[in-house]
Amino acid sequence: MKALRLIQTLANHSSKTPKNSNLNPTFLSRFFSSQPLQETPASESEETHITDTNGFGFDSSHYELPNVTLGLGLDEAITPVSNAESTWDEKYRWKVNKTIFGEEHEKLVKDKKEKLVKEKKKKKSKKERMMEQEEKRHRAAILSKALLEAAVAPTDEDEDDVEAVKMEDQLSLSVGIIGAPNAGKSALTNFMVGTKVAAVSRKTNTTTHEVLGVMTKGKTQICFFDTPGLIMRTNGLPKSDIRVRVESALSSVDLYDMLVVIFDVHRHLTRPDKRVVGLIKQMGSEVNPKQKRILCMNKVDLVEKKKDLLKVADQFKDLPGYEKYFMISGLKGSGVKDLVQYLMEQAVKRPWDEDPLIMTQDVMKNISLEVVREKFLDHIHQEIPYDVEHRLIDWKELRDGSIRIEQHFITDKLSQRKIIVGKNGSKIGRIGVEANEELRSIFKRNVHLILLVRLK
Ligand SMILES: Nc1nc2c(ncn2[C@@H]2O[C@H](COP(=O)(O)OP(=O)(O)OP(=O)(O)O)[C@@H](O)[C@H]2O)c(=O)[nH]1
């Protein structure tokens, strides 16, 4: 419509155009012409744009209309319309089609509208997915930063503590954390160890149990372990299988000094999780005399009415075998101080399992990813970073003590790849140089960092 109106305006003007006007009348006649064009002298620049050798036909796309300001007092330059695009506003087209085609068309319109809504929703959920991913990365970043600070720059207090603690004075506590997926085990551990971590290794002495984190403070070291296998999907598994697995998982958690059973109290109030009650039943009331159990009601920050918390506390208060109950928010930290204090008091005289000052390879790998990502975000703006996958591809500690680190940025868009690489590799080069420098100073050794930007 806009183009049509503009053309009409131009037509009106053309009839009024004075002889000395800048506007070339040939241009207008060509623009409108559906008739065979008259031959024009070769000297006229437009001549070259006529594609039909017989002088028939006209291809407006060959005119560089967007750059032509017509000098007619119109503010806008003409925007070319590609052949594929409709020059009509869709809503007028629907109106006309409805009048012409009647009800059947109404259905088409409805379908089209629904399709548009669906597409909009799809877009939104992609954005949401991106935000979720970013939040995950953000949390990983916070953890890595905390790991970095604690591991790389121990405070004077830490060093004094560590030097001062002789092996015979060391106190240790191993804590198994049990809960349904999403109960908040990792968030709680991160909060507890985040600022005081010395080492995080994926695996210590058993294959099924992972160290979630290690906290060393004063004479006391607490190792937190994940305890998979106690809560699992039972669908499709024979009952005997489930029993055997749970029994084996239970017998291995016997090794810990302390068991923390954690559940999502917000979920419990809204959609009770049968697995929580099932788990507590499975664990039974008989307590291993060498082990203590506590119950943590997590995510209290999500519960609006505090009296609801009391209801849940009441429900679990007579559970046999539990030493204590804690209401906590592992993510926000409320109640965690009391929990840590309690755990510290339970530590027993035993040498530490983990060296509190040694940075493990996993921590270093995390830090290397975090440092490169930080530089990447500094140099690449807009939404690109959220679309790009960033992976550690190779890590080698070489004989001369240096480390070779290879990381890739993976995108499925050529245009993004170009932006990240920059002119003659300038952008990725800058990211690499800055990250390499920082990693060298953190790890206190030579680092050979390789960054590749590639297509999926
Ligand atoms: N609001 C709120 N969210 C929490 C809290 N603790 C954990 N979450 C969120 O709950 C989700 C699951 O937390 P995780 O710590 O990954 O749970 P997990 O038990 O380790 O989960 P798995 O690894 O699946 O076993 C994450 O989105 C956390 O941010 C909390 O105290 N309050």
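For ligands, and for the atoms within them, numbers begin at 1 and follow the listed sequence.
Remark: side-chain polar atoms of K185 are paired, donor with acceptor, to backbone N or O of G179 under 3.5 angstrom. The backbone N or O of W352 sits less than 3.5 Å from a side-chain atom of Q170, completing a donor-acceptor pair. Proximity of a side-chain donor or acceptor of N298 to a complementary backbone N or O of D264 within less than 3.5 Å is not detected.
With distances taken over non-hydrogen atoms, the option nearest atom 21 (O) of ligand 1 out of V336, L188, N182 is N182.
Note: no N/O pair closer than 3.5 Å links L302 and ligand 1 by distance alone. Of the polar atoms of L331, at least one N or O is found under 3.5 Å from an N or O of ligand 1, judged by distance alone. An N or O contact shorter than 3.5 Å is missing between K332 and ligand 1 by distance. Remark: ligand 1 and I328 share no N or O pair separated by less than 3.5 Å (distance only, no angle test).
With sequence neighbours left out, the side chain to side chain donor-acceptor pair (under 3.5 Å) criterion links Q407 to S368, H390.
When each atom of ligand 1 is checked for a heavy atom of S329 under 4.0 Å away, the hits are 30 (C), 31 (O), 32 (N). Of all atoms in ligand 1, numbered sequentially from 1 with element shown, those under 4.0 Å from a heavy atom of D301 are 1 (N), 2 (C), 30 (C), 31 (O), 32 (N).
For the pair G330 and ligand 1, a heavy-atom separation below 4.0 Å is found.
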Verdict with reasoning, K219 to D169, per salt bridge (Lys or Arg N to Asp or Glu O under 4.0 Å): CA-CA 7 Å; K219 292 180 180 174; D169 293 335; 5.2 Å; no
Trace of the side-chain contact (heavy atoms from CB on, under 4.5 Å) decision for I405 with V372: CA-CA 11 Å; I405 308 168; V372 172; over 6 Å; no
